[in-house]
Number of protein chains: 2
Amino acid sequence: MPGTERRAWEVVLESIEADLLSGRLSPGDHLPAERALAADLGVGRSSVREALRVLEVLGLIRTAAGSGPSAGAIIVALPGGGMSALMRLQVAAQGFPVADVVKTRLILEAAVVADLAGASARPDLAGSAQLLDAMDSPALTEAEFLALDTQFHLSLATASGNQVITATMAGLRSAIEGYARAGALGLASWAETSARLRGEHRAILAAIATAEPALARERVVAHIEGYYAETHDHPLHA
Amino acid sequence: MPGTERRAWEVVLESIEADLLSGRLSPGDHLPAERALAADLGVGRSSVREALRVLEVLGLIRTAAGSGPSAGAIIVALPGGGMSALMRLQVAAQGFPVADVVKTRLILEAAVVADLAGASARPDLAGSAQLLDAMDSPALTEAEFLALDTQFHLSLATASGNQVITATMAGLRSAIEGYARAGALGLASWAETSARLRGEHRAILAAIATAEPALARERVVAHIEGYYAETHDHPLHA
DNA sequence: GCGGCGGGTGTGGTCTGACCACAGTACACG
DNA sequence: CGTGTACTGTGGTCAGACCACACCCGCCGC
């Protein structure tokens with residue numbers, strides 16, 4: 001049977017995936033100890049560790065040394081970290097062009113705000129509004145402002161309640177974090193630009209609050225495309 | 001300095017990421033041998049292997065034993081596999097609800113077809129059309145049909161030229177592959193459903209070919225929402 | 001001189017065993 | 001009854017060994 005030759009760590013990974021799919025493992029559960037897992041599966045401990053390392057980076061488990069209920073490898077399923085690592089490294093390795101990352105973010109965020117504005121129930125945007133208040137402080141450095149900016153955009157995704165979009169947006173954002181920082185340094189006037197960004201943020205939130213999906217979408221598109229054009233000196237779309 | 005306590009494998013990962021960002025490593029390049037890397041960074045070989053395993057699953061490198069130019073760890077930056085693994089496992093671990101995966105796919109694919117239909121240059125859809133021809137064969141099993149279906153939808157993303165969307169769509173698709181298979185088994189009439197799917201695929205491609213973005217988007221939404229409703233017995237949107 | 005073949009060499013893949021730091025736990029001692 | 005200490009089991013790491021593999025080079029036979 002060709003293709004059966006799996007490497008030892010793949011066997012471990014598949015075993016754990018099968019346990020997840022079958023319900024033998026659920027979020028909050030402990031994985032068996034590394035040594036026990038190795039013995040059960042008939043592989044070496046180092047192979048088990050390679051599989052666990054993958055699961056950890058992917059955000060599926062959290063490991064802790066020591067003893068007691070909080071020690072060991074625990075299923076957590078927090079996708080944000082894994083998505084960020086994946087996208088950050090893919091951008092670094094030139095597998096993901098920055099323009100594609102921005103375009104994807106544009107599509108998702110436009111859909112998110114349109115969805116929020118069009119929702120039958122008014123979404124809870126208190127957290128987003130608080131972030132905007134914090135961004136009004138004149139004492140903020142550029143880095144602090146950008147960090148709050150990231151949190152604001154992410155809070156919109158969170159408000160949509162879509163786990164996949166939230167994680168993906170987090171990944172996209174962290175992938176281009178370095179470029180956003182570098183771009184901010186080359187701006188003619190940071191004070192001017194940041195003031196404009198503040199206003200655009202408020203306008204986006206306002207369009208959501210007044211339930212105007214098309215307007216919210218339009219403002220998000222202008223917001224992201226505008227900032228991209230300003231920091232890259234060439235348009236986003238070919 | 002708190003937070004400096006990095007685990008050995010993280011040191012390796014950060015070192016490689018830094019090399020990528022600085023341009024010391026580029027796609028196609030070979031990484032140093034595991035033993036050399038371990039010696040350079042002052043860590044054990046097992047720690048190096050854990051980091052390389054992560055990079056491999058994330059789709060950044062390809063490893064091969066033996067000797068010669070094709071052996072060793074090579075930077076490849078193929079995001080599809082990593083995205084698939086991440087999303088598949090997150091769904092398995094219940095971090096990603098299936099409905100969120102489908103919603104995200106809907107958003108991205110709708111944007112893709114609208115973009116293709118609205119592009120100034122007619123996109124190349126020969127590959128997509130060929131897949132539809134192949135799907136017309138009456139000898140196909142359900143699994144074979146679904147496999148071609150996956151390829152068709154993925155070919156649309158590929159035609160858009162956006163690497164991030166292509167990889168994300170591949171991941172989303174593989175994450176719900178199991179559910180699509182299970183859903184197909186519960187259908188009242190597979191022959192009837194597959195015939196409808198064939199027609200909808202043709203209609204989507206036609207709307208792109210005639211440059212009607214709104215129509216293409218509408219048809220994609222109906223296509224995906226329809227199949228979801230048929231296989232899940234409840235609507236996609238709350 | 002030429003061609004093939006066989007070992008040399010370096011690669012990843014795996015296992016074993018050992019040690020460490022850590023945290024909770026149980027037990028002995030005051 | 002309280003307290004503290006040794007014990008136990010966890011992940012984290014390293015060192016060393018062996019294997020299979022694939023290339024490459026040089027030897028040997030023709």
Side-chain angles (χ1 to χ4, degrees), chain A residues 1-16 19 25 28-76 78 81 85, chain B residues 1-16 19 25 28-76 78 81 85:
Chain A
M1 196 141 100
T4 306
E5 337 82 20
R6 280 177 189 76
R7 287 179 284 182
W9 63 271
E10 290 182 291
V11 173
V12 179
L13 217 47
E14 288 168 9
S15 163
I16 294 175
D19 284 349
L25 285 177
D29 287 355
H30 279 70
L31 260 60
E34 293 179 358
R35 292 163 177 85
L37 212 43
D40 287 351
L41 298 174
V43 301
R45 193 186 159 204
S46 51
S47 298
V48 170
R49 298 201 93 252
E50 290 181 19
L52 294 186
R53 199 61 55 233
V54 169
L55 293 177
E56 182 174 348
V57 171
L58 258 39
L60 261 99
I61 63 174
R62 178 185 69 74
T63 64
S67 170
S70 71
I74 307 179
I75 313 274
V76 291
L78 299 173
Chain B
M1 192 143 102
T4 306
E5 338 82 20
R6 280 178 190 74
R7 287 179 284 182
W9 63 271
E10 289 182 294
V11 173
V12 180
L13 218 46
E14 288 167 9
S15 163
I16 294 175
D19 285 350
L25 285 176
D29 287 355
H30 280 69
L31 259 60
E34 295 179 357
R35 293 163 177 84
L37 213 42
D40 287 351
L41 299 174
V43 300
R45 192 185 161 206
S46 51
S47 298
V48 170
R49 298 200 94 254
E50 290 180 19
L52 294 187
R53 198 61 55 232
V54 169
L55 292 177
E56 182 175 348
V57 171
L58 259 38
L60 260 98
I61 64 173
R62 178 186 69 76
T63 64
S67 170
S70 72
I74 307 178
I75 312 274
V76 290
L78 299 173

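Here is how names work: the chains are called A, B, and so on, in the same order as the sequence lines, proteins then strands, and each is numbered from 1.
Across all strands shown, G68(B) has heavy atoms under 4.0 Å from sugar-phosphate atoms exclusively, and none from any base. When heavy atoms are screened at a 4.0 angstrom cut-off, A8(A) is found touching the sugar-phosphate backbone but no base atom.
When rounded to the nearest whole Å, the span between CG of D40(B) and P of dC14(D) equals 14 Å. Protein atom CZ of R35(B) is 14 Å distant from nucleotide atom C1' of dC14(D), rounded to whole Å. The CZ-P distance, from R49(B) to dT13(D), rounds to 16 Å in whole Å. Computed from coordinates, the H30(A) NE2 to dT10(D) C1' distance equals 10 Å when rounded to whole Å. When the C1' atom of dG12(D) is taken as reference, atom CD of E10(B) falls 11 Å away, rounded to whole Å.
Atom CD of residue E34(B) and atom CG of residue L37(B) lie 8.5 Å apart, to the nearest 0.5 angstrom. Atom CG of residue L52(B) and atom CD1 of residue I61(B) lie 4.5 Å apart, to the nearest 0.5 angstrom.
Of the residues in residues 51-64 of chain A, those with a non-hydrogen atom less than 4.0 angstrom from any atom of DNA chain D are R53(A), T63(A), A64(A).
Overall bending of the helix from dG1(C)-dC30(D) to dG30(C)-dC1(D), expressed as the angle between end axes built from five pairs apiece, is 30° (10° steps).
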L31(A) and I75(A): side-chain contact (heavy atoms from CB on, under 4.5 Å), yes or no, with the steps? CA-CA 7 Å; L31(A) 260 60; I75(A) 313 274; 3.3 Å; yes
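Looking at every heavy atom in both residues, S15(A) comes nearest to L41(A) through OG-CD2, 3.7 Å. Taking every heavy atom of both residues into account, S70(A) and A64(A) meet most closely at O-CB, 3.6 Å. Across all their heavy atoms, V76(B) and G59(B) have their closest contact at CG2-O, 3.7 Å. Smallest separation of non-hydrogen atoms from P69(B) and I74(B): O-CD1, 4.0 Å.
Place S46(A) and G72(A) on DNA chain D by their nearest nucleotides, and G72(A) ends up nearer the 5' end. Summary of the strand contacts: R45(B) and A65(A) both lie near DNA chain C, and taking for each the nucleotide with the nearest heavy atom, the more 5' one is attributed to R45(B).
With a 4.5 Å cut-off on side-chain heavy atoms, T63(A) and R7(B) count as touching. The shortest side-chain heavy-atom distance between W9(A) and E56(B) falls under the 4.5 Å cut-off. Between L58(A) and L58(B), some side-chain heavy-atom pair lies under the 4.5 Å cut-off. Under the 4.5 Å side-chain criterion, counting only non-hydrogen atoms from C-beta, R53(B) is not in contact with R53(A).
Of all nucleotides in DNA chain C having an atom under 4.0 Å from a heavy atom of chain A, the first and last in 5' to 3' order are dG13(C) to dG24(C).
A sub-4.0 Å separation between OP1 or OP2 of dC14(D) and a side-chain N or O of S47(B) is present.
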